[in-house]
Amino acid sequence: MTKADLQSPTDLGTGANRDIPAALRALLADVFALYLKTKNFHWHMSGPHFRDYHLLLDEQSDQIFAMTDDIAERARKIGGTTLRSIGHIAREQRILDNDADYVDPQDMLAELRSDNQQLTREMRRVHELCDEYSDVATASLLENWIDETERRVWFLYEAGRTGPHA
């Protein structure tokens, strides 16, 4: 089997079949990085709001993980390839890992909010690329994921509010 055997037929053209899967690979790496960070914080949550935050992050990690197969399969449908290993993810990801032994719960929520905002920006960039190539199917998937990600940002913002007006 050769690389040519992996290329699915598409009418999007060679530029789209090269550029969009490359953008989706980087996006997929970010999604895996965000998934693992969200699970990390879910597993290591502590404090008086433990139950609420623990459940919130579990729900969010499930939603993030649910994107992975669709992203990878979309890249394959349009003639590209996708991630192959943890090392490949590490080389492509733009969302940074957090290996700290302890992270304050409010800092966890703030970091995940920021990471989800970064993911939204990355998805909008991929959407712009899809618009250039008239790839409405990938753009449509991205629109739903952007909406889900903005909802996660909103929940993380509200959950992390402190002070007299919280």
Side-chain angles (χ1 to χ4, degrees), residues 1-8 10 14-46 53-54 56-130 132-133 135 138-139 141-153 155-156 160:
M1 191 174 246
T2 67
K3 185 176 179 179
D5 293 326
L6 292 175
Q7 291 183 328
S8 303
T10 179
T14 56
N17 142 317
R18 175 195 64 237
D19 297 344
I20 296 172
L24 289 173
R25 270 192 306 277
L27 184 64
L28 183 57
D30 287 338
V31 169
F32 273 120
L34 181 58
Y35 166 75
L36 190 54
K37 184 186 284 187
T38 304
K39 271 304 202 189
N40 169 25
F41 289 170
H42 159 80
W43 294 323
H44 295 99
M45 183 56 68
S46 63
Y53 295 168
H54 183 78
L56 173 67
L57 298 185
D58 196 36
E59 176 185 300
Q60 290 196 356
S61 66
D62 287 347
Q63 186 182 72
I64 294 164
F65 187 76
M67 297 167 58
T68 60
D69 201 45
D70 290 336
I71 295 170
E73 288 184 358
R74 186 63 198 157
R76 292 287 294 123
K77 282 180 204 174
I78 60 175
T81 59
T82 192
L83 298 172
R84 292 184 166 84
S85 68
I86 298 295
H88 199 171
I89 291 169
R91 290 187 299 276
E92 295 268 347
Q93 78 185 69
R94 296 158 294 196
I95 291 179
L96 301 177
D97 295 331
N98 184 324
D99 296 326
D101 288 338
Y102 175 80
V103 180
D104 180 81
Q106 290 301 314
D107 292 340
M108 289 179 180
L109 299 180
E111 187 170 336
L112 289 174
R113 185 179 69 244
S114 176
D115 290 342
N116 275 278
Q117 288 171 320
Q118 179 181 348
L119 184 64
T120 301
R121 289 188 300 275
E122 299 299 345
M123 287 190 287
R124 289 184 200 287
R125 283 194 259 286
V126 178
H127 192 288
E128 290 171 8
L129 181 66
C130 292
E132 289 175 30
Y133 288 112
D135 181 0
T138 305
L141 290 169
L142 286 160
E143 289 164 4
N144 290 321
W145 296 328
I146 289 167
D147 183 57
E148 289 174 0
T149 305
E150 288 175 334
R151 185 173 193 263
R152 287 193 303 273
V153 168
F155 275 51
L156 290 162

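Below, each value reflects all heavy atoms present in this structure, side chains not excepted, and no hydrogens, waters or symmetry copies.
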Task: Reported CZ-to-CD distance for the pair Arg124 and Glu143, which is rounded to 0.5 angstrom - done: 10.0 Å
Task: Closest approach of Ile95 to Asp30 (non-hydrogen atoms, all atoms of both residues) - done: N-OD1, 3.2 Å
Open item on the list: When you compare the side chain of Leu96 with that of Asp115, does any pair of heavy atoms fall below 4.5 Å?
Closed with: no
Task: Inter-residue atom distance Leu156.CG - Glu111.CD, 0.5 Å rounding - done: 11.5 Å
Task: Note, Asp135 side chain near Arg74 side chain (heavy atom, < 4.5 Å) - done: yes
Task: Side-chain donor/acceptor of Gln118 to backbone N/O of Arg94, under 3.5 Å - done: yes
Task: Nearest non-hydrogen partners of Ile71 and Leu24, listed with the distance - done: CG2-O, 3.5 Å
Open item on the list: Are the side chains of Pro21 and Ile78 in contact, using a 4.5 Å heavy-atom criterion?
Closed with: yes
Task: Pair Arg76 + Glu73, salt bridge at N-O below 4.0 Å - done: no
Open item on the list: If you compare all heavy atoms of Lys39 against all heavy atoms of Asp58, which two are closest, and at what distance to 0.1 Å?
Closed with: NZ-OD1, 2.6 Å
TODO: Drop me the distance from Leu119's CG to Asn116's CG, to the nearest 0.5 angstrom.
DONE: 6.5 Å
- [ ] Work out which heavy atom in Glu92 is nearest to a heavy atom in Arg25; give both atom names and the distance.
- [x] OE1-C, 4.3 Å
Task: Side-chain (Ser61) to main-chain (Leu57) donor-acceptor, under 3.5 angstrom - done: yes
Open item on the list: Measuring only between side-chain heavy atoms, which start at C-beta, is Leu27 closer than 4.5 Å to Leu142?
Closed with: yes
Task: Mutual orientation of the aromatic rings belonging to Tyr35 and Phe65 [parallel < 30°, tilted 30-60°, perpendicular > 60°] - done: tilted
Open item on the list: Quick check against the 3.5 Å criterion: does Thr68 have a side-chain atom that pairs as donor or acceptor with the backbone of Ile64?
Closed with: no
Open item on the list: How close do Met67 and Glu148 get, counting heavy atoms only, and between which atoms?
Closed with: CG-OE1, 4.4 Å
Task: Residue pair Thr38 / Arg152, side-chain heavy-atom distance below 4.5 Å - done: no
Open item on the list: Ignoring hydrogens, what is the shortest heavy-atom contact between Pro105 and Met45? Give both atom names and the distance.
Closed with: CB-SD, 3.6 Å
Open item on the list: Within the structure provided, determine whether Phe41 and Asn98 are in side-chain contact (heavy-atom separation under 4.5 Å).
Closed with: yes
Task: Sub-4.5 Å side-chain heavy-atom contact between Leu34 and Leu112 - done: yes
Open item on the list: Rounded to the nearest 0.5 Å, what separates atom CG in Leu56 from atom CZ in Phe155?
Closed with: 7.5 Å
Open item on the list: Is the shortest side-chain heavy-atom distance between Phe32 and Leu83 below 4.5 Å?
Closed with: yes
